[in-house]
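For reference, the structure is listed below as structure tokens.
Each chain gets a letter, A, B and so on, in the order its sequence line appears, and its residues count up from 1.
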Amino acid sequence: MPHILHAIPRERSVTVHPEDVLSWFATAERDLPWRAGDVTPWQILVSEFMLQQTPVARVLPIWPDWVARWPTPSATAAASQADVLRAWGKLGYPRRAKRLHECAGVIARDFADVVPDDVELLQQLPGVGSYTARAVACFAYRRPVPVVDTNVRRVVARAVHGQADAGPASAKRDHADVSALLPGDDQAARFSAALMELGALVCTARSPRCDGCPLRSTCRWRLAGSPPPVGPKRPAQRYAGTDRQVRGRLLDVLRDTDSAVSRADLDLAWPVDPVQRERALASLLGDGLVEQLADGRFALPGQDRNDSTASR
DNA sequence: CACTCGTGGCA
DNA sequence: TTGCCAAGAGT
């Protein structure tokens, strides 16, 4: 008997008991609007697009208005890209808004306006990667697939591997890690939501609240004395002065007006460095987030331009 | 694999 | 103040 036990590698012994996480979740779950019972798969997909690299608090004021205005893929696809970009506002990474618009068109045209429930099909949609495909399959269709986001990877890194933070993402290993924890029955989907919630509320990147953690008695990282992260940390990404900031400024000008704007108007948005400004504008045109009209002015793609200032 | 791509809040 | 970070995807 002891012989068998000793043959089990430490890494693989159980440190996460699903029932502990689920009972914690029952009391700690946030009342997020996209978790309500009458929310459709499409509306859940919209929330996942918005939540890609964007905090919940910033999505909260945008999502309800968005899904009320465009409740289905076909309704979304029928909107102009300009209206979509304006409704997206300052959520950031506006290419997501464009991909969401494209995604709506594909679902409306190729899937009869019904969001697929299969991970492989979902992942072929524009803007839908491994995480989002699994999140929709799980949260919208209750499929028992592993859902691995940055929160889950951090919880697993700590509780299972005893490391302060997760290393670089590795789809195969990450999915295997979570699959090993998933309760095999109809609790799997709820468990995935609970694991994400635990990472978001308790097992946070900075100053985790271990006192309130349902895993505190078995967490390998805690049992090891909460050692600091090992290895080199990636240099923090800058924003001030980057092309991304310039793109943001240019797009901000175009979102704020119903009419097309001249190149001189765009110059005002980033006067200091014309070379960088032109590079940013070119990249926005290349991304299809901005278009240039025949008269040389610029506008969000597909917007109505019946403005009286148009030169004839 | 490494890099780009927004934005704002918080320690 | 500045650095860190937030339900990633695409190239």
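Within a heavy-atom distance below 4.0 Å of DNA chain C, no residue of residues 261-287 of chain A is found. For DNA chain C, the neighbouring residues in residues 205-216 of chain A, judged by any heavy atom under 4.0 Å, are A205(A), R206(A). Residues from residues 82-110 of chain A lying near DNA chain C, meaning a heavy-atom separation below 4.0 Å, are R99(A) in numerical order. Shown for residues 140-156 of chain A: residues whose heavy atoms fall under 4.0 angstrom of DNA chain C, namely D149(A), T150(A), N151(A), R154(A).
Screening residues 114-135 of chain A for salt bridge (charged side-chain N to carboxylate O under 4.0 Å, His left out), with sequence neighbours left out, gives D117(A)-R143(A). Judged as a salt bridge (charged side-chain N to carboxylate O under 4.0 Å, His left out), the pairs with a partner in residues 153-166 of chain A (not counting sequence neighbours) are, in order, R153(A)-D174(A). The stretch residues 260-274 of chain A participates, sequence neighbours left out, in these salt bridge (charged side-chain N to carboxylate O under 4.0 Å, His left out) pairs: R263(A)-E278(A), D267(A)-R277(A).
Put simply, the side chain of R58(A) and the base of dG8(B) share no donor and acceptor less than 3.5 Å apart.
Residues meeting the side chain to side chain donor-acceptor pair (under 3.5 Å) test with E197(A), sequence neighbours left out: R30(A), R35(A). Scanning for side chain to side chain donor-acceptor pair (under 3.5 Å) contacts around T54(A) gives R96(A), with sequence neighbours left out. Here W270(A) pairs with Q276(A) under the side chain to side chain donor-acceptor pair (under 3.5 Å) rule; sequence neighbours left out. Looking at residues two or more places apart in sequence or on another chain, you find a ring pair (Phe, Tyr, Trp, His ring centres under 6.0 Å) between W63(A) and W34(A).
Nucleic acid contact for P168(A): none, since no nucleic acid atom lies under 4.0 Å from a heavy atom of the residue. Residue Q237(A) is classed as a base contact, given a heavy-atom separation below 4.0 Å to a base.
Nearer the 5' end of DNA chain C, as judged by each residue's closest nucleotide, is the contact made by P55(A), out of G127(A) and P55(A).
Nucleotides of DNA chain C with any atom under 4.0 Å from a heavy atom of chain A span, from 5' to 3', dG3(C) to dG10(C).
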